Amino acid sequence: QSSARTLPNICRHPMPDPIRYDPSAARSLISETTRQSISPALDAARREVLADVELMQAGANIPPDKQPLDAGFIELPAQLLSDAGGRNRKHSLVKRIEVAASRMRRQVDRLVLLGIGGSYMGLRALFESLCPPYFNELPRKLRGGPRLYYEGENLDNDSARALLELLQSECTKPQRLAHRWGIVVISKSGGTLETAAAFRLFRSALEQYYGDDSPRTRELVIPITGESGKLRSLAELKNYPTTFPVPDGIGGRFSVLTAVGLFPAAVLGIDIRALLQGAADMTQLFKSAPFGQNPVLDYVATGHLMERDHGANIRVLSTWGKRLEAAGLWYDQLLAESLGKPKGDGFCGATPITVVNTRDLHSRGQQHQEGRRDKLITNVIVDQPSSEPLKVPQVPEAEDQDQLNRLDGKTWPDLLAAAIQGTNQAYADVRRPTADIHLPQLDAYALGQLLQMLMLATVVEGRLLGVNPYGQPGVEDYKRNMGQILYG
Ligand code: PA5
């Protein structure tokens, strides 16, 4: 039933190891005195971020200069876990998600997730990081749950049509599990055109397949949306029995640890309690640890000082492993939409770029080594692979043209470690700054910590810069134009 039993050490691995932020390689450019000088401002930013939480919890009027205020993500993980362990645990959101997710796991073999931006990128990060590579290709008994497809995150005719045709050709006998598919549609506002159009398309295919108004059609559509809006009204009209809320006070790109990420993650067999625990522990550390031992404040300090004093306004998140690419893309959105804003007569917000190494050493590496000195490279390193290390095979001497027999006994992790060390050394030799985030292993607990660390760091940096990290008013411009073009 659960993928925990069939995929040891991949989806579920509740090891309480903290992730670690190590900026020591950037110290060649940032003196200890400079670093310490920013400590009071960082403390003030932390106080402001926490005061924002209290303001929301008190239900007080939000002052105009604070609007929008979406600090709800900060305490949510601890709150959800406490509800899930409390007297009313059966009715807690976590329990309801787990029950509905395990039903969906039993009911379908393919899940189509519709959403865009914060309503899709977080789940994609969870899926790619925590489920095994080639997940969709694995036999059902190893997957334990449905395959996953995304749509509504674009307006790509060929991709949407290809998915529809795939579903139509592979799913012809709705009574058989292997032929059943369902939809999770996610939109906080409920009015995003990409998602809404895709929902129409896939909903009508689903209705055709199972029957217009059959109970199965209704059961196999799970809307996740705000308390009001077009998707909410449609869900009520259609009488879908299971819906989940996107809470007020949590913006799209901060919503990965709400039902937005948690429900589909649970359908995939990811341990959502471990995710929440990692995030709750990170919030606790952020609140209590002093500068120098606080991964959030330390991360902000390095980025801010590199930008302020050395013009490093490009932040490269250098992920050492393919499974972290989507987490990097999630962070691209988080940083770009939160801090890429006007400030006074100018602008603020570093430009995020995700790379996956060693792949991108062969594409961007040249520029990072010898190009403009406008980058801070933050490595994300997973200390232990999730599966047994592969060894470089030995071959008969006559076939050793590639001379790899010299690597006798070396494993893939050994090669990767050498690449990380060699690359960091090459940057250090020419005074190019790097910092490292270490994940002990790629599991739900570590990922929960990482996502929460980066969300907290983003809002702290916003407060430090004097810019509101919540909201994304600039995104409305294209939507307005598009609406005028389409509707006149
Ligand atoms: O961070 C955000 O709020 C945005 O990126 C939204 O997630 C994105 O625009 C999708 O919005 P919605 O969930 O309302 O469809």
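Just so you know, these numbers come straight off a predicted model, no measurement behind them. First listed ligand is number 1; within each ligand, the first listed atom is number 1. Basis for what follows: all heavy atoms, side chains included, without hydrogens, waters or symmetry-related copies.
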If you count the atoms of ligand 1 from 1 in the order shown, which ones are under 4.0 Å from a heavy atom of Q333?
1 (O), 4 (C), 5 (O)

Any idea which atoms of ligand 1 are less than 4.0 Å away from a heavy-atom of S119?
7 (O), 12 (P), 13 (O)

Atoms of ligand 1 close to G252 [distance to a heavy atom under 4.0 angstrom, numbered from 1]:
1 (O), 2 (C), 3 (O), 7 (O)

What are the atoms of ligand 1, with element, lying closer than 4.0 Å to any heavy atom of T192?
11 (O), 12 (P), 14 (O), 15 (O)

Considering distance alone, does some N or O of K479 sit under 3.5 Å from an N or O of ligand 1?
no

Do R124 and E153 meet the salt-bridge criterion of a basic N to acidic O distance under 4.0 Å?
no

Quick check: G117 and ligand 1, any N/O pair under 3.5 Å apart?
no

E461 bridged to R315 by N-O distance under 4.0 Å
yes

Which of the atoms of ligand 1 are close to I116, meaning less than 4.0 Å from one of its heavy atoms?
7 (O), 8 (C), 10 (C)

Against heavy atoms of E337, which atoms of ligand 1 measure under 4.0 Å?
1 (O), 2 (C), 4 (C), 5 (O)

Classify the angle between the aromatic ring planes of Y331 and Y299 as parallel (below 30°), tilted (30 to 60°) or perpendicular (above 60°).
perpendicular

Just by distance, with hydrogens left out, do E75 and Q79 show a side-chain donor and acceptor under 3.5 Å apart?
no

State, without any angle test, whether Y445 and D281 hold a side-chain donor-acceptor pair at a distance under 3.5 Å.
yes

Need the ligand 1 atom indices (1-based, order shown) with element for anything under 4.0 Å from a heavy-atom of G118.
5 (O), 6 (C), 7 (O)

Among side-chain atoms of T319 and E325, is any donor-acceptor pair under 3.5 angstrom?
no

